[in-house]
Amino acid sequence: MSNSDHLTPSTVDGNTFVAMCLARAGIDRMFGVVGIPVTSLANWAVQLGIRFIAFHNEQSAGYAASAYGYLTGRPGILLTVSGPGCVHGLAGLSNAMVNTWPMVLISGSCDQKDMGRGDFQELDQIEAVKPFSKYSAKATDITKIPSCVFSVLDWAVSGKPGGCYLDLPTDVLHQTVSETEAQKLIDDAESCRSKEVIAKPIVKHPEIEKAAALLRQAERPLIVFGKGAAFSRAEKALKTLVESTGIPFLPTPMGKGLLPDNHELAATAARSLAIGKCDVALIVGARLNWLLHFGEPPKWSKDVKFILVDVDKEEIELRKPCLGIVGDATKVVEMIHKEIKDDPFCLGKSHPWAEALTKKSKENVSKMEAQLAKDVVPFNFMTPMRIIRDAILQLGSPAPVVVSEGANTMDVGRSVLVQTEPRTRLDAGTWGTMGVGLGYCIAAAVASPERLVVAVEGDSGFGFSAMEVETLVRYQLPVVVIVFNNGGVYGGDRRNPEEITGPYKEDPAPTSFVPGASYHLLIEAFGGKGYLVGTPDELRSALSESFSARKPAVINVTIDPYAGAESGRLQHKN
């Protein structure tokens with residue numbers, strides 16, 4: 001083994017070796033920002049058949065990698081330079097950890113012999129990533145690269161999915177081995193590879209029997225499912241269970257579409273009644289966190305019995321449900337259905353519980369549709385959202401992936417936009433992360449090339465990653481970004497005159513942006529298509545043209561700056 005920047009045909013360096021290992025492991029997509037010392041790694045990855053999507057900012061690239069892991073079930077890969085590049089990448093890595101999505105951050109790092117001496121972009125990156133990763137590996141020598149690469153990939157998807165980190169020191173990337181030795185090292189590492197580094201839980205039959213009995217005996221049962229069920233591909237199993245038992249269901253925001261929102265047993269439009277009155281709730285791949293009001297009164301009944309299905313034993317121990325089942329969502333739901341099938345029951349549409357939810361849903365939908373029916377100009381949030389909903393539904397199948405971020409924009413969109421297919425909604429997620437929009441768009445376009453991607457963004461959310469519209473154009477991705485432009489966070493400057501005081505009173509409000517900002521011109525600077533719209537006809541025309549073209553576009557929708565409200569936690573009024 002030698003150190004060299006000049007390779008002969010029979011030798012490979014560390015950068016090439018990492019790319020070879022990733023290709024052998026089946027990685028076919030990577031996201032990142034290149035530079036010293038990892039540019040060669042990206043170039044070799046491309047030569048070996050891995051598509052590399054180059055971003056402007058590691059934060060957006062990291063969000064893309066995290067969402068790619070969710071959409072495909074395989075680790076999303078983020079490549080960054082050392083020091084600040086790694087730190088920027090922590091945004092995506094932490095997002096993957098909180099949402100429990102498989103992702104691997106790969107960063108170059110400084111020369112090992114110069115660590116602690118103030119080397120270029122020096123940082124103890126293994127220590128820096130600890131709070132945000134479930135497993136880290138450092139390749140201290142070129143011969144260690146295969147085992148390190150395979151281990152971080154396997155840890156990312158084992159047990160509870162999450163983020164992992166691979167550290168590649170500069171000196172290791174410049175080391176070389178012969179091509180023959182490289183292949184042998186890969187073969188040896190693969191033969192020792194244990195893809196199930198965390199053993200799959202064994203679901204016990206008595207737990208399944210108890211779950212079936214609780215559902216059978218319940219007067220007001222409810223099935224709640226989240227993005228964990230979506231990650232597990234549980235849609236067929238859930239459909240079978242719901243329709244055979246007649247139990248109403250409630251998806252979390254990113255669980256929407258596992259069963260169509262317009263399904264007759266959907267309780268989304270009667271959410272408050274559903275969670276407030278149910279006596280047994282089967283929770284599949286969703287956590288009893290702030291999104292579900294911690295499973296506590298007053299939102300939930302104090303007597304509700306939770307059956308919590310989660311791949312993570314610690315999550316179940318934390319929530320202390322009536323019954324916890326550790327296991328894969330799809331497998332557990334299938335087992336529950338099989339148990340019920342031997343002694344079937346079905347609530348039926350005439351069951352008082354089903355009737356009550358249907359009645360409340362119809363009342364709430366009717367109220368919302370009355371609001372949506374009005375063409376309000378200057379636009380409020382409801383009018384353009386209705387037009388967007390109708391345009392998306394007209395596309396049929398395959399349904400577009402909808403990416404939604406913002407305050408009012410995301411809140412209104414969650415109620416108005418209709419999801420009919422699994423994994424077609426990406427939003428701020430468990431952490432309420434702003435800035436995910438363009439990264440998620442790019443991940444969705446790369447993961448599901450057959451689908452159009454439609455982002456519905458607030459102007460504040462869009463601003464976090466707006467420069468990535470150039471990335472859309474560069475790769476000609478079928479993404480239409482719709483920006484609800486109301487002049488700022490929640491809606492520009494809404495201060496009362498008495499609040500405008502102090503030595504900097506002439507400054508814009510902390511919540512305000514430049515009024516009438518021409519966001520549509522940003523994409524035109526790179527050769528994409530921009531639209532400025534302020535009326536229903538203008539919006540319909542822009543949607544029709546951009547959806548048909550399937551080319552990068554930004555639709556700048558002028559919204560009345562007084563139309564929004566401050567938003568944070570989920571506000572469900574139905």
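Keep in mind it's a predicted model, so treat the numbers as computed, not measured. Excluded from the calculations below are hydrogen atoms, water molecules and symmetry mates; all remaining heavy atoms, backbone and side chain alike, are included.
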Colleague: Given the rule in the side-chain contact (heavy atoms from CB on, under 4.5 Å) test, do Val403 and Val456 qualify, once you have shown the distances and angles that lead to the verdict?
Modeller: CA-CA 6 Å; Val403 176; Val456 186; over 6 Å; no
Colleague: Tell me if the aromatic rings of Phe306 and Trp300 count as close, with their centers under 6.0 Å from one another.
Modeller: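 Centroid separation for Phe306 and Trp300: below 6.0 Å.
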Colleague: How many angstroms lie between CG in Asp111 and CE in Met115, if you round to the nearest 0.5 Å?
Modeller: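 If I round to the nearest 0.5 Å, the distance is 11.0 Å.
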Colleague: Kindly indicate, with the supporting measurements, whether the criterion side-chain contact (heavy atoms from CB on, under 4.5 Å) is fulfilled by Val224 and Leu282.
Modeller: CA-CA 6 Å; Val224 179; Leu282 171 62; over 6 Å; no
Colleague: At what distance, to the nearest 0.5 angstrom, does OG1 of Thr268 lie from NZ of Lys256?
Modeller: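 Interatomic distance, Thr268 OG1 to Lys256 NZ, rounded to 0.5 Å: 6.0 Å.
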Colleague: Check whether any side-chain heavy atom of Arg29 sits under 4.5 Å from a side-chain heavy atom of Ile50, and report yes or no.
Modeller: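 Contact flag for Arg29/Ile50 side chains = no.
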Colleague: Walk me through whether Ser465 and Glu468 qualify under side-chain hydrogen bond (donor to acceptor under 3.5 Å, both in side chains).
Modeller: CA-CA 6 Å; Ser465 56; Glu468 301 303 343; over 6 Å; no
Colleague: Any side-chain donor paired with an acceptor under 3.5 Å for Ser66 and Asn95?
Modeller: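 Judged by distance alone, the side chains do pair up.
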Colleague: Given 3.5 Å as the limit, does a donor-acceptor pair link the side chain of Ser147 with the main chain of Lys144, or not?
Modeller: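 Indeed, once roles are kept as given, a pair shorter than 3.5 Å links the two residues.
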Colleague: May I have the step-by-step check of side-chain hydrogen bond (donor to acceptor under 3.5 Å, both in side chains) for Glu179 and Thr11, ending in yes or no?
Modeller: CA-CA 5 Å; Glu179 224 175 306; Thr11 63; over 6 Å; no
Colleague: Counting only heavy atoms not in Glu296 (residues, nucleotides, ligands), do more than 12 fall under 6.0 Å from its CD?
Modeller: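 Buried by this count: over 12 neighbours within 6.0 Å.
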Colleague: Hey, are Glu127 and Lys130 close enough for a salt bridge, meaning a charged N less than 4.0 Å from a carboxylate O?
Modeller: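 Between Lys130 and Glu127 there is a salt bridge, with a charged N closer than 4.0 Å to a carboxylate O.
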Colleague: Check Ala128 against Leu90 and note the closest heavy-atom contact, atom names and distance.
Modeller: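 Looking at all heavy atoms of both residues, the closest pair is O-CD1, 4.0 Å.
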Colleague: Got a second to check how far Asp312's CG is from Thr100's OG1, nearest 0.5 Å?
Modeller: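 Separation between the atoms: 8.5 Å.
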Colleague: Going from CD1 on Ile223 to CG on Leu238, what distance comes out if it is rounded to the nearest 0.5 angstrom?
Modeller: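 Those atoms lie 7.0 Å apart.
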Colleague: Less than 4.5 Å apart, any side-chain heavy atom of Val203 and any of Val326?
Modeller: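 Sidechains of Val326 and Val203: no contact.
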Colleague: Should the pair Asp28-Arg51 be classified as a salt bridge under the 4.0 Å nitrogen-to-oxygen rule?
Modeller: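 No.
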Colleague: Is the closest side-chain donor-acceptor distance between Asp328 and Ser232 under 3.5 Å?
Modeller: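 Distance-only check passes for Asp328 and Ser232.
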Colleague: Show the nearest heavy-atom pair for residues Gly461 and Glu405, with the distance to one decimal.
Modeller: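 So the minimum-distance heavy-atom pair works out to O-OE2, 3.2 Å.
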Colleague: When you measure from the side chain of Thr72 to the backbone N and O of Arg74, does any donor-acceptor pair fall under 3.5 Å?
Modeller: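 Looks like yes, one N/O pair under 3.5 Å.
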Colleague: Does a side-chain heavy-atom distance below 4.5 Å link Val177 with Val12?
Modeller: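 Yes. Closest side-chain heavy atoms under 4.5 Å.
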Colleague: Run the numbers on Ser94 and Trp431 for side-chain contact (heavy atoms from CB on, under 4.5 Å), then give the verdict.
Modeller: CA-CA 9 Å; Ser94 56; Trp431 229 10; 3.2 Å; yes
Colleague: Looking at every non-hydrogen atom in both residues, tell me the closest pair between Tyr440 and Ala67 and how far apart they are.
Modeller: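 Closest approach of Tyr440 to Ala67, heavy atoms only: CD1-CB, 3.5 Å.
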Colleague: Does any non-hydrogen side-chain atom of Leu93 lie less than 4.5 Å from one of Leu78?
Modeller: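 Sidechains of Leu93 and Leu78: no contact.
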Colleague: Kindly give the heavy-atom pair with the smallest separation between Val401 and Ala444, and that separation in Å.
Modeller: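 Heavy atoms only, the tightest pair is CG1-CB, 3.8 Å.
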Colleague: With heavy-atom distances below 4.5 Å as the criterion, would you say the side chains of Tyr475 and Ile53 are in contact?
Modeller: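 A side-chain contact under 4.5 Å exists here.
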Colleague: Sub-3.5 Å donor-acceptor pair from the side chain of Ser178 to the main-chain atoms of Glu181, do we have one?
Modeller: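 Yes: the side chain of Ser178 pairs with the backbone of Glu181.
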Colleague: Check whether any side-chain N or O of Lys134 sits under 3.5 Å from a backbone N or O of Ser158 as a donor-acceptor pair, and report yes or no.
Modeller: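 The answer is yes, because a donor-acceptor pair under 3.5 Å joins these two groups.
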Colleague: Students often mix this up, so state it plainly: with edges at 30° and 60°, are the rings of Phe231 and Tyr70 parallel, tilted or perpendicular?
Modeller: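 Rings of Phe231 and Tyr70: parallel, as their planes differ by under 30°.
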Colleague: How far does CZ of Phe17 sit from CG of Leu168, to the nearest 0.5 angstrom?
Modeller: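 These two atoms lie 12.0 Å from each other.
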Colleague: Which atom names give the shortest non-hydrogen contact between Ile340 and Ala212, and what distance separates them?
Modeller: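 Taking every non-hydrogen atom into account, CG1-CB, 3.7 Å.
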Colleague: Would Arg24 and Asp187 pass as an ion pair if we require N to O under 4.0 Å?
Modeller: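 Counted as a salt bridge, because a side-chain N and a carboxylate O are separated by less than 4.0 Å.
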Colleague: Lys227 and Thr430: side-chain donor and acceptor closer than 3.5 Å?
Modeller: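 Indeed, the side chains of Lys227 and Thr430 share at least one donor-acceptor pair under 3.5 Å.
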Colleague: Can you tell me how far apart CZ (Arg425) and OG (Ser404) are? Round to the nearest 0.5 Å.
Modeller: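 It is 4.5 Å, given to the nearest 0.5 Å.
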Colleague: Heavy atoms, side chains only, cut-off 4.5 Å: are Asp119 and Lys113 in contact?
Modeller: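 Answer no - side chains too far apart.
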Colleague: Is the closest side-chain donor-acceptor distance between Asp13 and Thr16 under 3.5 Å?
Modeller: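 Looking only at side-chain atoms, Thr16 and Asp13 do form a donor-acceptor pair, the distance falling under 3.5 Å.
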Colleague: One pair to check against salt bridge (Lys or Arg N to Asp or Glu O under 4.0 Å): Lys184 and Asp188. What are the steps and the verdict?
Modeller: CA-CA 6 Å; Lys184 183 177 185 304; Asp188 289 348; 2.9 Å; yes
Colleague: Got a list of side-chain donor-acceptor pairs under 3.5 Å for residues 101-110, not counting sequence neighbours?
Modeller:
unit_1	atom_1	unit_2	atom_2	d
Trp101	NE1	Asn99	O	3.3
Ser107	OG	Thr80	OG1	2.7
Ser109	OG	Asp167	OD1	2.7

Colleague: Decide salt bridge (Lys or Arg N to Asp or Glu O under 4.0 Å) for Arg319 and Glu315; before the verdict, give the C-alpha distance in whole Å, the side-chain angles of both, and the deciding distance to 0.1 Å.
Modeller: CA-CA 6 Å; Arg319 307 301 174 184; Glu315 178 66 24; 2.7 Å; yes
Colleague: In the structure I gave you, are the side-chain heavy atoms of Val453 and Leu477 within less than 4.5 Å of one another anywhere?
Modeller: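 SC-SC contact between Val453 and Leu477 ruled out.
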Colleague: In terms of the angle between their ring planes, are Phe249 and His263 parallel, tilted or perpendicular, with boundaries placed at 30° and 60°?
Modeller: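 Taking His263 first and then Phe249, their aromatic rings stand perpendicular (interplane angle over 60°).
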Colleague: Is Gln125 reaching over with its side chain to a backbone N or O of Gly83, donor-acceptor style, under 3.5 angstrom?
Modeller: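 Side chain of Gln125 to backbone of Gly83, a donor-acceptor pair under 3.5 Å: yes, one is there.
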Colleague: Tell me the closest heavy-atom pair linking Lys138 and Cys148, and the distance in Å.
Modeller: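 Taking every non-hydrogen atom into account, O-SG, 3.8 Å.
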Colleague: Within the 4.5 Å heavy-atom criterion, are Tyr63 and Thr433 side-chain neighbours or not?
Modeller: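 Yes. Closest side-chain heavy atoms under 4.5 Å.
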Colleague: May I ask you to decide whether Glu235 forms a salt bridge with Arg423, counting only side-chain N to carboxylate O separations under 4.0 Å?
Modeller: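 Salt bridge: yes.
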Colleague: Count the heavy atoms of every other residue, nucleotide or ligand shown that sit under 6.0 Å from CD1 of Ile36, and state whether that count exceeds 12.
Modeller: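 No, the 6.0 Å shell around CD1 holds no more than 12 heavy atoms from other groups.
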Colleague: Does Glu421 form a side-chain contact (heavy atoms from CB on, under 4.5 Å) with Arg451? I'd like the steps, not just the answer.
Modeller: CA-CA 11 Å; Glu421 296 180 15; Arg451 296 185 188 271; 2.7 Å; yes
Colleague: Check this for me, if you would: do Arg287 and Asp310 make a salt bridge, where the nitrogen-to-carboxylate-oxygen distance has to be below 4.0 angstrom?
Modeller: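 No, this pair does not count.
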Colleague: Please assess Gln419 against Asp261 for the test side-chain hydrogen bond (donor to acceptor under 3.5 Å, both in side chains), listing each intermediate value before the final yes or no.
Modeller: CA-CA 6 Å; Gln419 311 301 138; Asp261 284 347; 6.0 Å; no
